[in-house]
> 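The following block contains the structure, expressed as structure tokens.
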Amino acid sequence: MSTSQDWITRGDQHITTTYGRYPLVAVKGEGCWLWDADGNKYLDFLAGVAVNNLGHCHPKVVEALQRQAATLIHCSNYYHIPSQIELAEILCEHSFGDRVFFCNSGAEANEAAMKLVRKYSAEKHGENRFEVITALASFHGRTIGTISATGQDAVRKGFTPVVPGFKYVPFGDIDAMRSAISPNTCAVMLEPVQGEGGVNVPPEGYLKAVRQLCDEQDLLLVFDEVQVGCGRTGTLFAYQHDEIAPDIMTLAKALAGGPPIGAMVATEEVAATFVPGTHGSTFGGNPLMTSAAVAAMRCLLDDGVLDNCVAMGDYLREQLEALSSRFSFAGAVRGRGLILGLQLETPGADIVKQAMAKGLLINCTAGSVLRFVPPLIVSREEIDQAMTILGEVLSEVEKNR
Ligand SMILES: *Cc1c(COP(=O)(O)O)cnc(C)c1O
């Protein structure tokens, strides 16, 4: 058996250096727990960055994958695919949407959305209406198109020229949004809660005001729910907290309960723009991933997962607030449901490493925000265990300040 160090040494030879990886070699997962190659066990409050919403290797997802893998793994979108149709039905029945385009990742789902808003607007208003307004501190993916949409200069560094036609405004500022609209604007694209940007929840009424503005100006509204969709905030989709709906929504991360998938959900009127030949994906909506997603979505809807998310989200928030009040360098707790951030007045990277050494996996976004995105099936006992570890780590940080 190879040890963790063996794998790390080998990986260092041939894997691109795109990630600053922690010295953990993941080999097994079950529920909220992850094991490394040396047999150590970790409480996983990162959950593959909000992918494993049902925990690792949920039995219903495993069963669907095994059954489908032995039946039909891939065909082509030249043919009809039953599990893809079932998944589209589920997504449309439980959202504003009428039609779904399937792909394989969040970035691809956003690429589909950006192509769709351009084409829809070009046909309706002429070729000059192509600009999309997005938010500062947003994150929409790593392709050339989605780094162009992302409101962070750092992700574009070294990759210019990027795709033209994006404007960035402060998240939560409706006046800035209104001022940014020009005759060239065709759409607004936002995360209902910003994930990578530091777990930022907009002010009450902001999303509704954006919707109104889009209606007044005849702009399309795109919600990137890649991270906060699929139950993460306690409702099936995050926009459902605000009594409004977008024209387009993108999903990925947790949609299939672990396996890679992406989806763009749109209204009939907007989706109709994608006539044959305008967009596509070889693997998009393939039988294997969509079977897993059907199982994952049914589990989310039928097994009380959303209720648990709301209850455990409240509990985790209380615990984090209690913890924060004990330390001078810890500040506000932000978020919704089970995407929570703890603002620190100190960089969070070392805290993440120390928590890992004690058996708790979390991460840090925006430099100094500890992010908690545990599986939505997490229990009170598991939250208590996590808080004990985090309390120990923060105590040590306080001592050494
Ligand atoms: C993760 C993420 C993406 C990118 O998804 P990939 O599957 O990595 O391409 C896009 N938008 C948001 C909000 C995300 O959190």
Side-chain angles (χ1 to χ4, degrees), residues 16 18-21 46-53 101-117 132 134-152 154-156 159 162-163 166 168 171-172 187-202 207 221-233 237-239 246 248-265 281 283-286 289 292-293 296 334-341 362-366 369 371-374 376:
T16 56
T18 33
Y19 309 101
R21 292 181 202 262
L46 180 60
V49 192
V51 167
N52 299 300
N53 281 14
F101 171 79
F102 288 108
C103 50
N104 314 286
S105 68
E108 283 175 71
N110 287 333
E111 289 281 348
M114 295 186 301
K115 279 182 73 175
L116 185 58
V117 297
V132 178
T134 66
L136 289 167
S138 58
F139 182 77
H140 298 296
R142 293 290 194 168
T143 59
I144 288 281
T146 54
I147 62 171
S148 313
T150 292
Q152 302 180 47
V155 305
R156 284 184 290 277
F159 300 108
V162 294
V163 178
F166 293 93
Y168 321 106
F171 187 55
V188 169
M189 180 159 81
L190 295 172
E191 297 157 83
V193 175
Q194 290 188 330
E196 301 304 306
V199 190
N200 304 316
V201 182
L207 296 177
L221 179 58
V222 183
F223 281 157
D224 177 345
E225 294 224 14
V226 167
Q227 184 159 160
V228 295
C230 304
R232 178 54 58 189
T233 66
F237 303 113
Y239 77 83
I248 298 172
M249 163 174 78
T250 55
L251 302 171
K253 290 195 166 84
L255 180 55
I261 190 170
M264 184 204 63
V265 181
S281 165
F283 289 123
N286 67 76
M289 299 318 166
R334 297 193 292 264
R336 190 162 239 176
L338 278 172
I339 173 165
L340 292 169
I362 53 173
N363 87 328
C364 175
T365 64
V369 180
R371 176 171 50 177
F372 303 85
V373 283
L376 309 184

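As the structure lists them, so they are numbered: ligands from 1, and atoms in each ligand from 1. The first residue in the sequence is number 1, and the count goes up from there.
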> Counting C-beta onward and ignoring hydrogens, is there a side-chain heavy-atom pair between Val369 and Arg334 closer than 4.5 Å?
yes

> Evaluate the side-chain proximity of Phe166 to Met114: yes if any heavy-atom separation is below 4.5 Å, no if none is.
yes

> Give the residue and atom name of whichever protein heavy atom lies nearest to atom 11 (N) of ligand 1, and the separation in Å to one decimal.
Asp224 OD2, 2.8 Å

> Does Phe171 reach the side chain of Leu190, with side-chain heavy atoms less than 4.5 Å apart?
yes

> Would you say Val199 and Ile339 make side-chain contact, with heavy atoms under 4.5 Å?
yes

> Specify side chain, backbone, both or neither for Ala107, according to which of its non-hydrogen atoms lie closer than 4.0 Å to ligand 1.
both

> For Asn110, take its heavy atoms, then give the atoms of ligand 1 lying under 4.0 Å from any of them.
10 (C), 11 (N)

> Residue-level breakdown please: for Thr146 versus ligand 1, do any non-hydrogen atoms fall below 4.0 Å on the side chain, on the backbone, on both, or on neither?
neither

> Can you tell if the side chain of Leu338 reaches within under 4.5 Å of the side chain of Arg232, non-hydrogen atoms only?
yes

> Answer yes or no for atom 8 (O) of ligand 1: protein heavy atom present at a distance under 4.0 Å?
no

> Please state which part of His140 comes within less than 4.0 Å of ligand 1, counting heavy atoms only: side chain, backbone, both or neither.
backbone

> Please list the nearest protein heavy atom to atom 5 (O) of ligand 1 with its residue and the distance rounded to 0.1 Å.
Gly106 CA, 3.3 Å

> Taking N or O atoms only and a 3.5 Å limit, does Ala252 qualify as a polar contact for ligand 1?
no

> Using a 4.5 Å cut-off on heavy atoms from C-beta on, say whether the side chain of Phe223 contacts that of Leu207.
yes

> Numbering the atoms of ligand 1 from 1, which are under 4.0 Å from a heavy atom of Ser105?
7 (O), 9 (O)

> If the cut-off is 4.0 Å to any non-hydrogen atom of Glu191, which atoms of ligand 1 fall inside it?
13 (C)

> Pick, from Lys253, Gln227, Glu225, the option with the minimum heavy-atom distance to atom 1 (C) of ligand 1.
Lys253

> I'd like to check Val163 versus Ile144 (side-chain heavy atoms, cut-off strictly below 4.5 Å). Are they in contact?
yes

> Can you find a pair of side-chain heavy atoms, one from Glu191 and one from Val228, that are under 4.5 Å apart?
no

